[in-house]
Amino acid sequence: MMESQKYAIVDLETTGHSPANGDRMIQIAIVIMKDWEIERTYTRFIDPGKAIPSFIQDLTHITNKDVADALPFEAHADTIYELLADCVFVAHNADFDLSFLQAEFKRAGLSKWQGKKMDTVELAKILFPMSLSFKLGDLAAELHIELANAHRADDDARATAELFKRCWKELLSLPQLTLEQMHKRSFRLKSNISQLFFEALQIKRQHVTTNEHVHYYHHLAICNGRKLHTNLEEAIVYPQTTTDKIALMTKALPNFEERPAQFMMMDTIWQALHEQKECVIEASTGIGKTVGYLLPAILYARAMNKKIAISTYTSYLQEQLVEEELPKIEKILGTKVNITVLKGMQHYIDLERFEQCMAYADESYDDTLTILQILVWLTKTGTGVLSELNVSGGGQLFLEKIRKIPTNKPPKSFDFYEQALQNSAAADCIVTNHAMVLSDLVRQTPIFTQIDGWVIDEAHQFIQAAMQQDEIVFSYTQWKYILGQIGTMEDTALFHQFSAAAKNKQRVSMQSLQQLAAQFIRLQRAFDHTVHQALKKMQQLSKGKQTTSKRTLFLEEAALAKEPFMHVSKLAQQWLDLAVEAGRAFENNIEQLDKNDHYIVTEWHYWIRELKIKIAEWEDIFLSAQDGNSVWLEFDVRSIPGSLQVFKKPINVTAIIDQVLAPIRKQASIVWTSGTLTVPGNERFVTRQLGIASDVEVMKLQAPPAYYAGAKAYIVTDMPEIQHVSQEEYIEAVAHAITRTVRMTEGRCFVLFTAQDMLRKTVELIQDSELLDDYMLFAQGVTGGSRMRILKSFQKFSHAVLFGTNSFWEGVDVPGDALASVIVVRLPFSSPEEPVFKARAKYLTAQGRNSFAELSLPEAIMRFKQGFGRLIRSSQDKGAFIVLDRRITTKSYGKEFIRALPPIDVRKLQLPELLKELNHWQQ
């Protein structure tokens, strides 16, 4: 029985990772747990017989002084060995702790410890699949497990023991059928957690009732999503006067601060919705923009029995709106709001595909782990949106297989996407994203036909979304991956399995299979030859023109012959015709398909579809006319041909946006809003691109000056000019300024770059200097994980610095003490060589227009405004906006950037003076 099992939860602190290279233990902690209660703890410092490296001292806070009176491991070896006897060895990353301990036992002359091990990293990944991180400190913070001193063996071992216990409780909470499916697969895992699954299953079987014995898909169908409410508990009319608004807000929000600009925004939107007009509102940080549009929109939907849609740019903003802003509205209204989130089809899991993948016997470790994570997630998710899962790189490949894709067949079982559509039909308010709105134009059955009013938040990003929507990318590695998945008769890929199953039951003729194999080899050879020849020519053309290993070349400059590309397209189409025919023959055979055959033929159709998509993209990029588009090739000379990508993007998206919005403008009002919609001297820079009529006024709402009382802007005047020094010297100066500033503000700092290369080199230099070793450094493109994961990790630590490019200039909300300063390394101009910018600039120049004044400068000023917007997110916030780029004072356009800031104190100082000022300010 489980109650009699003893567990030894172990954590080690060491001088390094390799006992073979002389690394030694400096601390060990063992927590003995029986019947899920701590029975005994054992903690000892260990004399490593050598100095503890400084970075280990910084990490663990264990110094040479702490181990000065400690005994070497040999003195503790017998006691530790006995403690582990008859126990299951448990650790967070058990492979490291156990292998290190085994090496120490061997060195002490003891035999190898024999027993089972369980890894709480592996276990937590399965049981908490939506966690942002599986590091012990992050899990402890998320699950409210006490961990005062991370990287100290005693505290880590206790936290791991508590995590292990939480995992057990989580297991017991799962439905029996879920546990059965998990146990069946758990023998493929790296540690012995199958034993835990089995014992949880035994307990479940003893206590389960007939009613509890529910298949988890049914559980999903009845538990999915937010419950929809049809009526307000008491009808609330729109508060017309300022007094009414204050009364409504203060009743629900005791700390409510009256903001006249927010009330103005509410009235403007209420009127626009009633009059079916288009309006544009630039609402600066601090006026309460989201509540400013949500409240009138929802009240309008209720009062008029109409449907409202709110579109944001990213999934993160969607989640923020629903999880953080919507509860405020519900509090104000005193009831739940009938609102639903709708994403693109490919965001949702296809449960039929998932069942087919589970039925197939041949799977990798990553597949097994991901399937177990999904089985747990399916008992918790209300949306079926796959981005909720935190899976490995291999797991991502598995998720790609089970994404919902367009099909003519109706789903056989519960379907999350269909559920989201049904919820949308019944909801008063739909929250969606710009990409979904733009793709409605090409959708077989448009979704947004019954919308009476639109609020387009982050309106300036609608331009970017339109550009991405029309973007086509050719990737050599993606093509090779798809061709590799299909494979030939000789290897172990899909075609080999398809052929074996077809021959075994005589489903497809031998002649057809041989034709398929021969045609596939012809296609592969032609593809490889065409790509290699194109690369050869591109390398010759770009030789000596670009200094880095990365090369960029416009397709028109490459002037590639079309015949080889047409040949590949023709061969691919011939193979696809044969493959479709073979798939039909496989399915139409009299003998019924078993689970394995069903999986194989489903995979066959899936990869046929994927190759069809790739062929369409190939033809669009290499064989179509490129009017109005920018098409360029990128590759890295260090990894050819793997790094080759070809991009096709529209130069001007106004026509695309107009095509989508023309029918909407006829039947609904549109409210465009954003914190950044204008730039000094070019008020209609954004609205012009959005195709908004010139007679539609741009309303600019600014928070009162008192809101920005805690903000100061500093321009550092003694930085070198990048044009006058080498990049290395400039990066050294930047790294110096950052480290000094960070230490003065004690972290809580965003550092904003315009180029990933400079970011990476600066971060590497700072890491090498060890001057910020006592700070957590998070860097976009260096630290693993998505933008949102990096941001959430940053928010957990008080002594932290976040280095970001492009996407971190905006849409990031870090309120309060979490952010003390924003450092702008370079004014955010687009690189003149960035292909889309270059093509747009060329287009403007050809029309006799000034591309710097009309494109480069306004874009940079907008990003600059957005960068400042990261700093002050409430009237209580205090922060320094520090600009390291001297061009803001030396160039004539510099004053335009300063004009774009709110009314705050802007000071020009040398770095030593700045540091003194910051030190004084922090007191």
Side-chain angles (χ1 to χ4, degrees), residues 177-178 180-182 184-185 188 215-218 220-221 345-346 348-364 366-368 370-372 374-375 378 384 386 394-395 397-418 481-482 484-489 491-510 512-513 516-517 520 575-613:
L177 279 167
T178 300
E180 283 171 354
Q181 301 230 30
M182 290 170 72
K184 205 184 296 178
R185 276 190 156 69
R188 300 172 189 174
H215 194 279
Y216 59 80
Y217 289 165
H218 178 58
L220 295 173
M345 184 187 284
Q346 74 283 3
Y348 297 85
I349 186 172
D350 184 328
L351 290 172
E352 286 180 51
R353 284 280 296 148
F354 178 56
E355 281 196 284
Q356 287 162 5
C357 289
M358 282 205 303
Y360 188 58
D362 186 19
E363 64 189 50
S364 66
D366 278 342
D367 289 347
T368 298
T370 308
I371 288 168
L372 291 172
I374 292 168
L375 287 168
L378 284 171
L386 290 166
L397 294 175
F398 183 83
L399 293 191
E400 291 308 313
K401 288 184 182 181
I402 59 169
R403 287 188 187 281
K404 187 98 181 124
I405 55 173
T407 174
N408 297 324
K409 297 175 186 173
K412 292 177 186 172
S413 60
F414 175 78
D415 184 89
F416 278 110
Y417 179 64
E418 290 299 319
Y481 176 69
I482 290 169
Q485 287 294 311
I486 296 166
T488 59
M489 241 193 275
D491 54 37
T492 55
L494 179 60
F495 185 60
H496 178 80
Q497 296 160 17
F498 181 84
S499 301
K503 283 188 283 188
N504 185 31
K505 294 175 183 170
Q506 298 180 336
R507 294 182 182 278
V508 184
S509 72
M510 196 64 203
S512 295
L513 293 172
L516 264 171
F520 191 77
W575 183 86
L576 286 168
D577 291 342
L578 292 169
V580 168
E581 202 177 304
R584 205 174 288 132
F586 193 103
E587 283 182 298
N588 289 345
N589 193 278
I590 296 166
E591 195 172 333
Q592 199 172 356
L593 297 175
D594 59 26
K595 275 188 174 182
N596 216 45
D597 287 351
H598 198 273
Y599 172 81
I600 288 168
V601 79
T602 304
E603 283 289 283
W604 187 248
H605 290 314
Y606 174 81
W607 289 108
I608 285 172
R609 180 183 171 276
E610 288 297 296
L611 188 57
K612 273 182 181 171
I613 291 168

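Numbering of residues begins at 1 and proceeds along the displayed sequence.
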Q. Is there a donor-acceptor contact under 3.5 Å from the side chain of Arg353 to the main chain of Lys404?
A. no
**Q.** Contacts of His605 that satisfy side chain to side chain donor-acceptor pair (under 3.5 Å) - sequence neighbours left out
**A.** Glu587
Q. If every non-hydrogen atom of Asp366 is compared with every non-hydrogen atom of Gly395, which pair is closest and at what distance?
A. CB-N, 4.1 Å
Q) Out of curiosity, Gln485 CD to Glu603 CD, how far, rounded to the nearest 0.5 Å? A) 8.0 Å
Q | Shortest non-hydrogen contact between Leu576 and Ile608, atoms and distance | A | CD2-O, 3.7 Å
Q. Can you tell me how far the CD atom of Glu355 sits from the CD atom of Gln181, to the nearest 0.5 Å?
A. 8.0 Å
**Q.** Gap separating the CD1 atom of Ile482 from the CZ atom of Arg609, nearest 0.5 angstrom
**A.** 10.5 Å
Q: Check step by step if side-chain contact (heavy atoms from CB on, under 4.5 Å) holds for Leu351 and Phe416.
A: CA-CA 8 Å; Leu351 290 172; Phe416 278 110; 4.3 Å; yes
Q: Grab the two heavy atoms, one from Met358 and one from Arg185, that are nearest each other, plus how far apart they are.
A: O-NH2, 2.6 Å
**Q.** Steps toward side-chain contact (heavy atoms from CB on, under 4.5 Å) verdict (Leu372, Met182)
**A.** CA-CA 6 Å; Leu372 291 172; Met182 290 170 72; 3.7 Å; yes
**Q.** Non-hydrogen atoms of Ala493 and Gly484 that approach each other most closely
**A.** CB-O, 3.3 Å
Q) Do Val508 and Leu516 come close enough that some side-chain heavy atom pair is under 4.5 Å? A) no
Q.
Can you confirm whether Leu386 sits close enough to Tyr348 that some side-chain heavy atom of one is under 4.5 Å from a side-chain heavy atom of the other?
A. no
Q | Exercise: identify the closest heavy-atom pair between Gly583 and Val601 | A | O-CG2, 4.1 Å
**Q.** Residue pair Ile405 / Tyr606, side-chain heavy-atom distance below 4.5 Å
**A.** yes
Q. Rounded to the nearest 0.5 Å, how far does CG of Asp350 lie from CD1 of Ile402?
A. 8.5 Å
Q: Determine whether more than 12 heavy atoms belonging to other residues, nucleotides or ligands lie under 6.0 Å from atom CD of Glu418.
A: yes
Q. Got Lys401 and Thr370 here, is their nearest side-chain heavy-atom distance under 4.5 Å?
A. no
(Q) What's the separation between atom OH in Tyr481 and atom CG in Leu397, rounded to the nearest 0.5 Å? (A) 4.5 Å
Q) Under 3.5 Å, is there a donor-acceptor pair between the side chain of Trp604 and the main chain of Ala579? A) yes
Q) Can you check side-chain contact (heavy atoms from CB on, under 4.5 Å) on Leu375 and Phe354, steps first, answer last? A) CA-CA 10 Å; Leu375 287 168; Phe354 178 56; 4.2 Å; yes
Q. Hey, are the side chains of Arg507 and Asp597 touching, using non-hydrogen atoms and a 4.5 Å cut-off?
A. yes
Q) Mind checking what makes side chain to side chain donor-acceptor pair (under 3.5 Å) contact with Gln497, not counting sequence neighbours? A) Tyr360
Q: Determine, using ring centers only, whether Phe498 and Phe586 are less than 6.0 Å apart.
A: yes
Q: May I ask you to test the Leu378-Thr178 pair for a side-chain heavy-atom distance under 4.5 Å?
A: no
